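Step one of this worksheet: look at the structure below.
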Amino acid sequence: MKPTGTDPRILSIAAEVAKSPEQNVPVILLKLKEIINITPLGSSELKKIKQDIYCYDLIQYCLLVLSQDCSRIQGGWTTISQLTQILSHCCVGLEPGEDAEEFYNELLPSAAENFLFLGRQLQTCFINAAKAAEKDELLHFFQIVTDSLFWLLGGHVELIQNVLQSDNFLHLLQADNVQIGSAVMMMLQNILQINRSKQTKMLLEINRQKEEEDLKLRLQLQRQRAMRLSRELRLSMLEIVHPGQVEKHYREMEEKSALIIQKHWRGYRERKNFHQQRQSLTEYKAAVTLQRAALKFLAKCHKKKKLFAPWRGLQELTDARRVELKQQVDDYVRRHLGSPMSDVVSRELHAQAQERLQHYFMGRAMEERAQQHREALMAQISTNIEQLMKAPSLKEAEGKEPELFLSRSRPVAAKAKQAHLTTLKHIQAPWWKKLGEESGDEIDVPKDELSVELETLFIGGTKPP
């Protein structure tokens with residue numbers, strides 16, 4: 001069954017392979033390498049492309065090409081080595097779906113055997129080659145084929161047994177050439193490492209399953225023991241209860257059981273609601289903080305814009321408006337005749353007005369600084385409260401988490417230090433001094449003891465020099 005939503009590039013390659021002659025098929029299949037390389041590794045898109053390649057039998061075409069005679073393939077060992085890379089990458093991470101049995105039992109073992117056969121052919125060509133450049137090129141192709149085989153085994157570790165039992169692999173191990181032999185031994189070492197890691201994972205999985213089974217068995221035994229004890233307790237109580245009170249006793253037990261179930265269920269529900277509300281409350285506080293900061297920033301910008309705005313002058317007045325304003329001024333002067341004032345008195349009043357204005361502006365600046373200081377303290381207190389709400393308990397604190405309990409406020413630090421010294425003094429005092437004391441009584445600590453530097457106490461703030 002062909003998949004829906006197939007990549008048009010895969011459809012084009014499959015149609016071209018079906019219509020082209022046999023000798024052109026290997027070169028057409030090389031287009032798959034470009035599609036695989038430009039797709040992000042591990043993405044869902046690459047997984048879908050591999051499924052499309054398998055469903056349109058392009059993997060089977062690659063396998064058939066690799067099983068042919070190398071001299072008949074266009075491009076020679078260059079095309080073959082690239083086809084091995086395409087085949088290994090397509091087989092790793094592929095989900096065959098309905099054809100899983102055929103894929104795992106036939107296609108994968110055949111691909112591994114073809115890789116080994118190609119490696120054996122490259123080994124023979126390398127030994128028979130006379131030129132050094134030709135040997136280097138053949139060794140490069142041999143490395144590509146072995147890397148493709150290793151990639152295939154890394155994705156399907158069940159093929160390791162088939163590789164180790166293959167006659168072609170044994171023939172590669174018997175190579176007399178040093179370069180080929182070192183490459184084969186490196187591949188064998190990598191295969192053994194994969195096999196060892198597989199065995200380690202199997203042992204860990206077996207141990208995990210065994211631990212789970214033991215845990216289930218212990219839980220089952222504990223449950224059975226609890227049920228047996230409960231039944232024995234009920235039987236002993238039934239022996240004590242009068243036969244006429246048995247039904248009443250059953251009703252009471254049912255009510256108690258129902259109350260216990262309801263209590264646990266309500267507790268679970270309230271805890272769940274609390275965690276949900278806590279998250280929403282944190283988000284709400286964060287939103288309010290951001291909105292407050294944004295509004296303050298916009299208000300400052302608006303204030304600066306008003307302060308530094310250029311003078312636009314007065315609005316032009318018409319003649320009628322000028323006459324009206326002049327008449328209003330004359331009427332006001334006629335009704336409020338003022339006493340004559342000398343120049344000295346006018347200068348004094350002007351100086352007083354200037355002084356009062358200066359005092360007002362200075363006071364307003366101080367009030368603004370005080371307001372900013374109060375807002376900063378409120379923000380700091382809010383931040384400390386949120387950190388303390390989110391902080392773990394002191395028993396569970398690790399690393400730098402105990403620093404969340406530090407305070408930068410001198411009064412808070414002094415009060416904490418005083419309380420700690422009081423507790424230490426009360427603990428270290430002899431027993432006869434504690435006679436007659438109540439649990440809530442406070443112990444006076446001299447002020448000179450508050451200046452003692454203790455390295456392990458909660459002091460916070462700025463330390464004295």
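Sequential numbering from 1 along the given sequence is applied to the chain's residues. All values derive from a computational prediction rather than experimental measurement.
Between the side chain of S148 and the backbone N or O of S88 there is no donor-acceptor pair closer than 3.5 Å. With hydrogens and angles disregarded, no donor-acceptor distance shorter than 3.5 Å links the side chain of K48 to the backbone of D7. Counting only distance, with no hydrogens or angles, the side chain of S230 and the backbone of A226 share no donor-acceptor pair below 3.5 Å.
In this structure, CD on E158 lies 9.5 Å from CG on N105, to the nearest 0.5 angstrom. In this structure, E211 CD and L215 CG are separated by 9.0 Å, a value rounded to the nearest 0.5 Å. The structure places CG of L83 at 5.5 Å from SG of C62, a figure rounded to the nearest 0.5 Å. For the atom pair CG (L29) and CD (E16), the distance works out to 9.5 Å, reported to the nearest 0.5 Å.
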S110 and L107: side-chain contact (heavy atoms from CB on, under 4.5 Å), yes or no, with the steps? CA-CA 5 Å; S110 178; L107 193 146; 5.9 Å; no
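Between Y54 and F103, the ring-plane angle classifies as perpendicular under the 30° and 60° cut-offs.
When the shell of 6.0 Å around CD of E205 is examined, it contains more than 12 heavy atoms from other residues, nucleotides or ligands. Residue Y61 places its OH atom among 12 or fewer non-hydrogen atoms of other residues, nucleotides or ligands, all under 6.0 Å distant. Residue Q371 places its CD atom among more than 12 non-hydrogen atoms of other residues, nucleotides or ligands, all under 6.0 Å distant. Environment of CG in L41: sparse, with no more than 12 heavy atoms of neighbouring residues, nucleotides or ligands closer than 6.0 Å. More than 12 heavy atoms of other residues, nucleotides or ligands shown are found within 6.0 angstrom of CD on Q209.
We find that K296 and E375 are joined by a salt bridge, their nearest charged nitrogen and carboxylate oxygen being less than 4.0 Å apart. A salt bridge between R374 and E368 is absent, with no side-chain N of the basic residue lying under 4.0 Å from a carboxylate O of the acidic one.
A salt bridge (Lys or Arg N to Asp or Glu O under 4.0 Å) with E212 is found for one member of R208, K210, K216 and no other, namely R208.
For the 3.5 Å distance criterion, the side chains of N168 and E113 qualify, holding a donor opposite an acceptor.
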